[in-house]
Amino acid sequence: MRIGVYGAGGVGGYFGARLAASGRDVRFVARGAHLAAMRETGLRVSSPKGDVTVLPVQASDDPAELGPVDVVLVAVKTWQLSEVLEGLPPLLEADSVVLPLLNGVEAADELAAVVGKGRVLKGLCRIISMVEAPGHVRHLGAEPSIVLGEWDNERTDRVNRLRDVLAGAGIGARVPDDIDVALWEKFAFVVSVGGVGAVTRAPIGQERSHPATRGMIESAIREIVRVGQASGVAIGEGVVEKSMSFVDTLPAHGSASLQRDLAAGRPSELEAWNGAVVRLGRQVGVETPIHDVIYASLVLQEDRARGERRFDTPGVEIDPFRERYLAQTAERFRWVRDLAEQAIAQTADEDFFRRLDPDANSIALLVKHLAGNHRSRWTDFLTSDGEKPDRNRDAEFEPDEASRDRLMAAWSDGWRILLDAVEALSPDDLDRTVRIRGEPQSVVAAVGRSLTHASYHTGQIVYLAKHFRGSDWDTLSIPRGQSDAYVEAVRARFGG
């Protein structure tokens, strides 16, 4: 059985590694630094159930390089599902199966709308795990298990076979009597605990010990049970007591991913969790007052995390340093751009495309590369990965027939995108996290990385332009022999 794992994070990385270690043909769709580390040193899993390292690893950020496969385990966040929908087709054959392991109760329907209901199973997983470092997944708790089933709960050969493959890898695998009941039972627990935690901003131990917040969790679970029942799911009232009993077994310092993501200013699964309860409740005529309040309390934070809304936190003074940092960063970017353009202006057309040796970059290639980099990194900077799917970085270093005017037009457009994005940043944005090739980075780190990158290549452009211009070069810095005069002029200007 060929198994594709779409998303090699804490969930996909763990289950995929166990399957690969059991001898199965496993292929991971991954990104960024995590992908690079997996390719170089393998995928390592640390777990109370025993550590495992998979090396070599079949992994790529391009599903077309990995497919087709027999089964695809989809193990991403719910808000990343649209990316999966675009990448799935190359992994599938006529009889391939897709098993979603996402939180929520709508993923199977969304997948079926794209690849066909006959290709999709319903499923869920239980595990507490995370990517501790690129190439390293740590299993923290909960017995790792996967629950799966057909839409009509028929015990088909493909369900039984996949269950046996999972079990053979040491993964708890179960086919329940009713897969929808299993999905809604998990949904009721996770969404209620996560939503209340995100609103209270308190750890689970504090939530369950205070009568008000404990009652809020219990009421939230009851609302989901009613929505499920009205939607035709045979979920019983007993899930409320069962869920509350499980709440009491959780680590007192624990929290749900929804709570952690919103607190860190990252996009969360709010729409697929509490938002889905509100939406589904309205569809079946069930009131959901607790989830209405939770969703309404958090949706503005979610919008801000996605870059769809901008506002300062009331009562929190803006740090003057942050405003100065943003203004001075934009100023420094302009200085770097202007320095490169002054050097390019002194370069003849033949020298603009000239390379010092076959493996060297010309000014034209450096211009093309920076233009492509800026467009990719800074388009939708806060809300999309900095390495856009349509970017071909390698082609930026290949000579082509583009004219100097066309290359400089792309250069100007790239810098415009960059400066517009930098100037649109607010002081609060500096606390947010963005991704480049899947690797999470703070906004401050991503901005600094881009400024360093642009400065590095601008230095190369200046060096080449000066080399080609020779004795006719008009210096762009302090002329030789005039350092003292320059220092005196600056001191006189600023009264020093």
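Because only heavy atoms are used, hydrogens play no part in the values below, and waters and symmetry mates are left out as well, while side chains stay in. All values reported here derive from a predicted model rather than from experimental measurement.
- When atom types are taken as modelled, the side chain of Lys388 and the backbone of Thr379 share a donor-acceptor pair closer than 3.5 angstrom.
- Here Thr383 pairs with nothing under the side-chain hydrogen bond (donor to acceptor under 3.5 Å, both in side chains) rule; sequence neighbours left out.
- In Arg355, the CZ atom is crowded: over 12 heavy atoms of neighbouring residues, nucleotides or ligands sit closer than 6.0 Å.
- The side-chain hydrogen bond (donor to acceptor under 3.5 Å, both in side chains) search around Thr433 returns none, not counting sequence neighbours.
- Within 6.0 Å of atom CZ in Arg260, more than 12 heavy atoms from other residues, nucleotides or ligands are found, so the atom counts as buried in its surroundings.
- Ser450 places no side-chain N or O within 3.5 Å of a backbone atom of Ala446 that could act as its donor or acceptor partner.
- When all heavy atoms of Tyr295 and Glu271 are compared, the pair lying nearest together is OH-OE2, 2.6 Å.
- The backbone N or O of His291 sits nowhere less than 3.5 Å from a side-chain atom of Asn274 that would complete a donor-acceptor pair.
- Using modelled atom types, no side-chain atom of Ser268 and backbone atom of Leu258 make a donor-acceptor pair closer than 3.5 Å.
- Note on Glu387 versus Arg393: no salt bridge recorded, every NZ/NE/NH1/NH2 to OD/OE distance being 4.0 Å or above.
- The backbone N or O of Gln80 lies less than 3.5 Å from no partner atom in the side chain of Glu83, so there is not a single donor-acceptor pair.
- Salt bridge Asp472/Arg469: absent, no basic N to carboxylate O contact under 4.0 Å.
- With hydrogens and angles ignored, the 3.5 Å screen pairs no side-chain donor or acceptor of Asp338 with any backbone N or O of Trp335.
- Between the side chain of Arg201 and the main chain of Ala263, no donor-acceptor pair closer than 3.5 Å is present.
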*Could you walk me through whether Ile363 and Asp351 pass the side chain to side chain contact (heavy atoms under 4.5 Å, CB included) test, one step at a time?*
CA-CA 8 Å; Ile363 293 177; Asp351 291 330; over 6 Å; no
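- Put simply, the side chain of Val367 reaches to within 4.5 Å of the side chain of Met408, judged on heavy atoms.
- Scanning all heavy atoms of the two residues, the minimum distance from Glu106 to Ala276 falls at OE1-CB, 3.5 Å.
- Ring geometry, Trp378 versus Phe381: the interplanar angle falls under 30°, so the pair is classed parallel (tilted spans 30 to 60°).
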*Does the side-chain hydrogen bond (donor to acceptor under 3.5 Å, both in side chains) test come out yes or no for Asp25 and Gln58, once each step is laid out?*
CA-CA 9 Å; Asp25 178 354; Gln58 296 184 77; 2.8 Å; yes
When the side chains of residues 107-120 are checked against the rest of the protein, which donor-acceptor pairs come out under 3.5 Å, sequence neighbours left out?
{"from": "Arg119", "atom 1": "NE", "to": "Glu93", "atom 2": "O", "distance (Å)": "3.3"}
{"from": "Arg119", "atom 1": "NH2", "to": "Glu93", "atom 2": "O", "distance (Å)": "2.9"}

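- For the atom pair NZ (Lys49) and CD1 (Ile171), the distance works out to 10.5 Å, reported to the nearest 0.5 Å.
- For Arg391 and Asp385, the salt-bridge test fails: no basic side-chain N is under 4.0 Å from an acidic carboxylate O.
- Applying the 6.0 Å contact sphere to CZ of Phe397 captures more than 12 heavy atoms from other residues, nucleotides or ligands.
- In terms of heavy atoms, Arg354 sits closest to Ser362 at O-CB, 3.3 Å.
- Distance alone, capped at 3.5 Å, is enough to place a donor-acceptor pair between the His34 side chain and the Ala8 backbone.
- In this structure a side-chain-to-backbone donor-acceptor pair under 3.5 Å is present from Arg432 to Arg304.
- Taking every heavy atom of both residues into account, Ala59 and Leu35 meet most closely at CB-CD1, 3.5 Å.
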*Should Arg161 and Met1 be marked as a side chain to side chain contact (heavy atoms under 4.5 Å, CB included) after you check the CA-CA gap, both sets of side-chain angles, and the distance that decides it?*
CA-CA 10 Å; Arg161 183 184 177 204; Met1 179 180 288; 3.6 Å; yes
*Going through the distances and angles, do Arg375 and Asp390 end up as a salt bridge (charged side-chain N to carboxylate O under 4.0 Å, His left out)?*
CA-CA 11 Å; Arg375 183 194 60 79; Asp390 62 347; 3.7 Å; yes
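- Panel note: side chain Arg309, backbone Asp303; no donor-acceptor pair is recorded below 3.5 Å.
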